[in-house]
> 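Quick one: the structure is below, and I'll ask about it shortly.
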Amino acid sequence: MSDSPTDHDQELSYEQAREELVQVVQKLEVGAPLEESLALWERGERLAGICQERLDGAKERVAAARRTTAESDDSQE
């Protein structure tokens, strides 16, 4: 597995990435040969990054909506 995200990875929703990450963690907890464990760990890191990107994007959207609401409230005073 490579370290760069695939086009498919970029299409994953937060929920999809989180669910796959849960599956990766479960496999790691059960145990696997070293090479498979390393590949799973790398995949988990990529999935965690995708989740973080989606959360950061959601936070920015909320902040933008709050700014818009605040600006709208200010202009109506």
> Find the distance between OH (Tyr14) and CG (Leu47) and round it off to the nearest 0.5 Å.
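It is 11.5 Å, given to the nearest 0.5 Å.
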
> Within the side chain of Gln16, is there an N or O that forms a donor-acceptor pair under 3.5 Å with the backbone of Ser13?
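Yes.
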
> Between atom CD1 of Ile50 and atom CG of Leu12, what is the distance when rounded to the nearest 0.5 Å?
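Going from CD1 on Ile50 over to CG on Leu12, the span is 5.0 Å.
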
> Could you state the interatomic distance from CD (Glu42) to CZ (Arg46), rounded to the nearest 0.5 Å?
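One finds 6.5 Å between CD of Glu42 and CZ of Arg46.
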
> In terms of hydrophobic clustering (I, L, V, M, F, W, Y; side-chain heavy atoms under 4.5 Å; direct or indirect links), are Leu21 and Trp41 co-clustered?
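Same cluster: Leu21 reaches Trp41 through Ile, Leu, Val, Met, Phe, Trp or Tyr contacts under 4.5 Å.
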
> Rounded to the nearest 0.5 Å, what's the gap from CD on Glu29 to CG on Leu40? Could you check?
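The CG atom of Leu40 is 12.0 Å from CD of Glu29, to the nearest 0.5 Å.
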
> Which pairs, with at least one residue in residues 47-61 and sequence neighbours excluded, count as a side chain to side chain donor-acceptor pair (under 3.5 Å)?
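Those involving residues 47-61 are Gln52-Asp56, Glu60-Arg67.
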
> So how far is it from Asp9 CG to Arg43 CZ, rounded to the nearest 0.5 Å?
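If we round to the nearest 0.5 Å, Asp9:CG and Arg43:CZ are 4.0 Å apart.
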
> Looking at Pro33, is its backbone amide N or carbonyl O close enough to the side chain of Ser37 to form a donor-acceptor pair, meaning the two atoms are under 3.5 Å apart?
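At least one qualifying donor-acceptor pair exists.
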
